[in-house]
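First listed ligand is number 1; within each ligand, the first listed atom is number 1. Keep in mind it's a predicted model, so treat the numbers as computed, not measured.
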Amino acid sequence: MERKTYSLTVFGCQMNERDAETLRGFLDELGYEETEDAANAHLVILNTCAVRQKAEEKVFGRIGRLGQLKEKNPEMIIAICGCMVQQEAVARRIKQKFPFVDLIFGTHNLSIFPELLVRAQKSEETVIDLWSDTPEVVEGLPVARQDNFKAWVNITFGCNNFCSYCIVPYVRGRERSRKPDDILREIKNLVKRGYKEVTLLGQNVNSYGKDLPEKIDFAELLTRVNDETGIKRIRFTTSHPRDFNEKLVKTMARGENICEHLHLPVQAGSNRILDLMNRGYTREQYLEKIALLREHIPHCAITTDIIVGFPGETEEDFAATLDLVDKVSFDAAFMFMYSPRPGTPAAKMPAQIPLEIKKERFARLLELQNKHSRRHNEALLGKKVEVLVEGPSKTDKTVWTGKTRSNKTVNFPGDGISAGQLVTVEITEIKTWSLMGRIHLD
Ligand code: SAH
Ligand code: SF4
Ligand code: F3S
């Protein structure tokens with residue numbers, strides 16, 4: 001019998017990528033096969049993101065095009081899930097504007113996806129199923145991972161921080177931690193199957209454990225992952241500067257399998273803006289934490305997220321961001337123009353910044369950050385680094401691509417190499433976003 005096929009597109013962050021792996025796990029069990037060919041698929045799923053308006057616009061455009069495909073292939077089931085449709089008003093708007101959509105479900109009911117799919121197949125009209133929150137963590141869901149050498153491992157779900165610009169707490173619910181034993185068991189199983197790297201995932205990993213009956217914090221969890229599982233590379237994201245502390249720095253310094261990379265989103269360099277953002281730290285406190293990290297782990301790569309054009313941001317506030325970027329000298333930064341999210345406090349703040357000014361500030365920030373990224377890369381010239389091979393490069397199939405422990409991309413030629421191997425590469429050429437190298441055989 002012909003196997004049913006599905007096409008799955010993921011927007012947004014690693015949480016959504018990891019959720020997509022659960023969907024793939026369910027679909028494997030249901031006998032579906034993944035296809036790139038959405039036009040002829042039996043099932044098309046969009047796992048959506050709501051963090052900025054652009055992310056939402058992309059999804060609306062895509063649903064419109066799916067409508068045309070469905071006219072030619074009326075049996076097709078279209079499902080929209082994830083953060084964007086967890087907003088009830090958006091889910092209702094989609095149902096009204098695109099009545100051909102079969103199923104809309106949110107971030108909290110992923111665990112009953114097979115049941116929702118059956119309901120959508122039987123229903124004449126769009127099935128909307130949204131839960132307002134998930135009280136507990138559901139363990140034991142199927143998973144079909146994207147890679148067979150590196151894996152995302154959830155440690156917390158949701159967020160309690162309510163940064164004033166951010167939609168995530170509204171669409172991902174309250175913070176919940178997975179039990180340490182469940183996390184450790186998952187990682188030990190990955191090691192048995194040959195995995196080399198895990199990334200521990202949470203919106204704010206530093207608050208891990210606060211809601212658990214046993215006494216454990218993130219630093220202690222990290223120590224256990226390092227000491228008990230045998231995984232070669234441990235990464236984690238995202239750390240919140242407010243909760244990032246000396247205990248964690250020392251844990252990172254001591255744990256030989258914990259990668260020398262910290263992603264610590266600063267968002268802004270002005271204390272006035274940080275306060276309006278409800279971030280809970282000052283630029284001075286942030287700089288102190290960076291100094292502490294550099295003292296204990298001098299070669300640690302540091303990356304960040306920055307928002308430009310937050311409501312009320314003056315030229316002076318923005319200058320403080322540029323100054324902080326210069327002082328810290330980040331290895332890399334994800335930079336965003338502020339995007340008002342309906343329902344968040346910042347969207348209602350006065351003095352919204354015009355797009356032209358946001359663009360102009362963004363360009364200045366980008367130029368400054370590029371200089372620092374390049375400087376950090378240049379420091380690696382001639383050095384030998386450990387690289388986890390990811391596969392052939394997407395842009396140039398004649399070279400391999402992989403990541404250093406500091407999370408930098410390295411491309412290099414070589415024979416007899418395979419994805420998932422840890423190799424030593426000597427850096428021979430510098431580009432702003434990547435490095436070229438040659439395999440070093442001792
Ligand atoms: N929990 C993580 C990631 C949140 S979303 C953290 O706290 O860092 C990833 C990034 O998107 C944020 O760090 C922020 O820089 C950016 N972001 C979030 N909301 C935004 C908005 N409304 N406009 C522009 N950028 C935003
Ligand atoms: Fe959003 Fe702030 Fe939570 Fe990160 S910590 S997800 S930026 S509210
Ligand atoms: Fe991630 Fe976007 Fe949701 S950034 S948590 S997928 S809103």
Side-chain angles (χ1 to χ4, degrees), residues 9-20 23 46-59 80-87 90 106-108 110 152 154-176 199-208 236-244 262-269 273-274 276-281 286 303-311 313 321 325 330 332-349 352-353 355 358-359 361-362 365 369:
T9 310
V10 187
F11 301 82
C13 67
Q14 296 99 324
M15 310 286 159
N16 262 17
E17 293 285 355
R18 177 62 189 77
D19 284 351
L23 288 171
L46 307 183
N47 192 14
T48 62
C49 169
V51 81
R52 281 168 292 275
Q53 198 184 335
K54 252 204 197 124
E56 295 203 344
E57 281 165 7
K58 268 195 224 161
V59 172
I80 321 283
C81 63
C83 295
M84 177 175 157
V85 290
Q86 179 64 41
Q87 306 167 95
V90 178
T107 58
H108 298 299
L110 198 68
W152 288 299
N154 296 114
I155 66 163
T156 67
F157 298 93
C159 181
N160 289 352
N161 284 321
F162 290 95
C163 301
S164 64
Y165 50 80
C166 186
I167 195 76
V168 172
Y170 304 88
V171 294
R172 286 275 169 177
R174 296 294 61 74
E175 213 165 73
R176 305 156 317 265
T199 304
L200 308 179
L201 283 185
Q203 296 297 347
N204 174 11
V205 291
N206 307 118
S207 62
Y208 174 78
F236 53 90
T237 200
T238 303
S239 282
H240 192 296
R242 187 194 53 220
D243 307 317
F244 184 80
L262 176 70
H263 184 63
L264 197 65
V266 67
Q267 311 297 0
I273 297 294
L274 285 171
L276 286 172
M277 285 178 162
N278 192 30
R279 289 291 287 176
Y281 54 87
Y286 186 89
T303 57
T304 200
D305 292 351
I306 300 170
I307 297 177
V308 301
F310 185 83
E313 185 187 72
T321 295
V325 166
F330 294 106
F334 297 98
M335 294 161 277
F336 309 101
M337 285 188 273
Y338 169 71
S339 169
R341 305 284 64 223
T344 62
K348 293 190 271 310
M349 285 181 188
Q352 298 283 328
I353 306 294
L355 182 63
K358 284 184 195 165
K359 280 188 180 163
R361 287 182 186 162
F362 184 88
L365 177 64
Q369 178 51 44

(request) Using a 4.0 Å heavy-atom threshold (strictly under), name the region of Cys83 that reaches ligand 3: side chain, backbone, both or neither. (result) side chain

(message) Please classify the His240 to ligand 1 contact at 4.0 Å (heavy-atom distances, strictly less than): side chain, backbone, both or neither.
(response) neither

(message) So, regarding Gln203 and ligand 1 (criterion: nitrogen or oxygen to nitrogen or oxygen, under 3.5 Å), is there a contact or not?
(response) yes

(request) Compute the shortest N/O to N/O distance between Arg341 and ligand 1 and return yes if it is under 3.5 Å, no if not. (result) no

(message) Heavy atoms only: which of Thr344, Asn161, Asn278, Val171 lies closest to atom 5 (S) of ligand 2?
(response) Asn161

(request) Record the part of Met84 in heavy-atom contact with ligand 3 below 4.0 Å; permitted values are side chain, backbone, both and neither. (result) neither

(message) Looking at Phe336, I'd like to know if the NZ or CZ of Arg52 sits under 6.0 Å from its six-membered ring centre while staying within 45 degrees of the ring's axis.
(response) yes

(request) Only heavy atoms count here, so choose which of Asp305, Ile167, Thr344, Leu264 is nearest to atom 9 (C) of ligand 1. (result) Asp305

(message) Just to be sure I'm reading this right: ignoring hydrogens, which of Pro265, Cys163, Pro169, Gly309 gets closest to atom 8 (O) of ligand 1? Compare them by their nearest heavy atoms.
(response) Pro265

(message) Under 3.5 Å, is there a donor on one side chain and an acceptor on the other for Gln203 and Thr238?
(response) no

(request) For the pair Arg361 and Glu313, find out whether any cationic side-chain nitrogen is under 4.0 Å from an anionic carboxylate oxygen. (result) yes

(message) Tell me whether Asn204 has any N or O atom under 3.5 angstrom from an N or O of ligand 1.
(response) no

(request) Tell me which part of Phe336 gets within contact of ligand 1: side chain, backbone, both or neither, using heavy atoms under 4.0 Å. (result) side chain

(request) Decide whether the shortest distance between a heavy atom of Arg172 and an atom of ligand 2 is less than 4.0 Å. (result) no

